[in-house]
Amino acid sequence: MERLLASYRALPATATVRLAKPTSNLFRSRDRVEVRGLDTSGLTQVIAVDAEARTADVAGMCTYEDLVAATLPHGLAPLVVPQLKTITLGGAVTGLGIESTSFRSGLPHESVLELDILTGEGEVVTASPTEHADLFRAFPNSYGTLGYAVRLRIELEPVEPFVALTHLRFHAIPDLIAAMDRIVDTGALDDGTCVDYLDGVVFSTDESYLCAGVQTAASGPTSDYTGQRIFYRSIQHADGATHDRLTIHDYLWRWDTDWFWCSQAFGAQHPLIRRFWPRRYRRSSAYWKLMKLERRYDIGNRIERFRGRPPRERVIQDVEIPIERTAEFLDWFLAEVPIEPIWLCPLRPRDDSDWRLYPLEPHRTYVNVGFWSTVPVGATEGATNRLIEHKVSELDGHKSLYSDAYYPRDEFDALYGGDAYRAAKRRYDPGSRLLDLYAKAVQRR
């Protein structure tokens with residue numbers, strides 16, 4: 001904490017306050033800045049795990065990888081563990097996160113009991129549902145423009161040592177969505193088996209899967225997808241259901257080894273290359289560093305030019321669509337945007353709380369649709385991304401802001417709590433030491 005405050009005080013009075021972060025899971029392009037960021041080196045630890053109360057106090061820059069390592073020995077885990085190891089607690093709350101428990105536990109910020117926030121004024125305030133409640137409600141989806149999480153107290157839940165998986169094959173997307181809706185409503189498969197984890201993958205209009213996980217203490221053989229085998233390929237089969245088992249640790253990080261399926265872009269899924277690719281570098285943080293180099297030197301577009309092809313537009317997005325409109329969105333997407341596979345993760349907010357900057361309707365089921373690749377550039381900058389933004393709004397959905405956005409200011413304010421945001425900004429950052437959300441999310445500052 002002292003290092004953070006000292007680095008804040010050392011900044012020029014007119015300098016924009018930013019964090020100096022060793023890792024990132026943002027995919028927005030941004031202007032380069034010369035001012036040194038805040039020193040976060042003292043904010044990376046798990047402060048305490050209270051196994052009896054089922055809570056953890058965690059520094060804001062602690063990664064979920066480190067948090068899970070501290071909680072699993074107690075038979076506990078966060079209610080929602082985002083799928084990439086280097087996502088931080090503070091990042092998941094201020095920038096949103098999701099995973100396969102979200103159909104029953106909502107988003108990570110919904111399990112926060114209280115948090116200490118460094119505001120733009122250089123003060124640390126404790127925010128909770130009863131103390132600085134306006135900041136507490138506005139903080140999720142503010143992306144560091146209302147302050148930075150220094151400490152968070154979050155809920156934990158009991159977990160068993162293993163997860164038994166059932167992969168259900170569907171030949172039509174409406175059938176998958178109908179089955180997903182039933183599971184979210186009942187918490188169980190059609191045979192009555194209770195479901196603890198639920199997500200899915202769409203490969204095409206006639207090949208899609210639901211992956212339902214059940215916690216279990218029963219011992220037995222488990223699969224390992226950190227070696228030659230690749231998790232997302234393991235779920236594919238001709239018809240019906242297949243079954244698998246993972247340790248709880250490996251289940252939580254099942255997507256990280258291959259960055260879902262995006263490691264394919266670096267050749268890491270080729271059997272020969274994979275054999276010589278060190279295991280310690282088969283993880284999302286390593287691929288992200290490669291992606292950063294690609295963006296810095298524009299390697300992909302240079303290759304496209306060499307092949308006589310036009311440059312490509314990056315389409316890396318997660319959107320929330322009401323479940324009753326999800327099949328419509330997927331049909332449109334598969335017809336208009338040449339990207340597959342697509343990740344599906346159902347979400348239902350836990351309670352009636354007013355999360356002002358990402359206003360999902362309480363108790364309504366949404367489906368997070370994730371798609372991460374590139375497409376040929378259009379007639380205007382971000383043409384495909386803007387097309388997706390229009391479609392998401394048309395279907396009463398919401399789009400995460402961790403990647404490129406192209407909204408005009410008035411549309412952005414209407415979608416992301418403009419009035420509530422400005423009120424919190426005036427109170428907690430009256431000198432505008434932190435960036436404005438629109439400037440950060442859309443203008444790439």
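The chain is numbered in sequence order, starting from 1. Just so you know, these numbers use all the heavy atoms, side chains as well, and skip hydrogens, waters and symmetry mates.
For the pair Asp396 and Arg325, the salt-bridge criterion is not met [side-chain N within less than 4.0 Å of a carboxylate O]. Ion pairing between a basic and an acidic side chain is recognised when a charged N comes within 4.0 Å of a carboxylate O; Glu320 and Arg364 show no such pairing. A salt bridge links Asp57 and Arg153; the closest N-O separation between the charged side-chain nitrogens and carboxylate oxygens is under 4.0 Å. Using a cut-off of 4.0 Å between Lys/Arg side-chain N and Asp/Glu carboxylate O, Glu313 and Arg386 are scored as not salt-bridged. A salt bridge is absent between Arg312 and Glu294: the closest approach of a Lys/Arg side-chain nitrogen to an acidic carboxylate oxygen does not fall below 4.0 angstrom. At a threshold of 4.0 Å, the pair Glu381-Arg314 does not count as salt-bridged, since none of the basic side-chain nitrogens sits closer than that to a carboxylate oxygen. In this structure, Arg348 pairs ionically with Asp185, as a charged nitrogen and a carboxylate oxygen lie closer than 4.0 Å. Salt-bridge check for Arg104 with Glu157: passed, with a basic side-chain N closer than 4.0 Å to an acidic carboxylate O. A salt bridge does not link Arg433 with Asp429: every distance from a Lys NZ or Arg NE/NH1/NH2 to an Asp or Glu carboxylate oxygen is 4.0 Å or more. Looking at Arg422 and Asp436, no side-chain N of the basic residue comes within less than 4.0 Å of a carboxylate O on the acidic one, giving no salt bridge.
In terms of modelled atom types and a separation under 3.5 Å, the side chain of Ser102 and the main chain of Ser105 share no donor-acceptor contact. Looking at Ser353, its side chain never comes within 3.5 Å of a backbone N or O of Trp355 through a donor-acceptor pair.
Below 30°, between 30° and 60°, or above 60°: for Phe266 and Trp259 the angle between ring planes is below 30°, a parallel geometry. Between Tyr438 and Phe412, the ring planes are perpendicular. Angles over 60° get that label, and only those under 30° would be called parallel. In this structure, Tyr416 and Tyr407 have perpendicular ring planes: the angle between them is above 60°, well past the 30° mark.
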Would Trp261 and Trp255 count as a ring pair (Phe, Tyr, Trp, His ring centres under 6.0 Å) here? Give the steps. CA-CA 8 Å; Trp261 32 81; Trp255 293 121; 5.6 Å; yes
Report the C-alpha separation of Arg283 and Glu65 in whole Å, then their side-chain angles, then the decisive distance to 0.1 Å, and conclude whether the salt bridge (Lys or Arg N to Asp or Glu O under 4.0 Å) test is met. CA-CA 12 Å; Arg283 50 182 288 143; Glu65 181 177 25; 3.0 Å; yes
Check the pair Tyr251, Tyr197 against ring pair (Phe, Tyr, Trp, His ring centres under 6.0 Å), reporting the backbone distance first and the verdict last. CA-CA 10 Å; Tyr251 176 80; Tyr197 306 100; 4.7 Å; yes
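At most 12 heavy atoms of other shown residues, nucleotides or ligands fall within 6.0 angstrom of atom CZ in Arg54.
Side chains of His109 and Asn141: no donor on one and acceptor on the other come within 3.5 Å.
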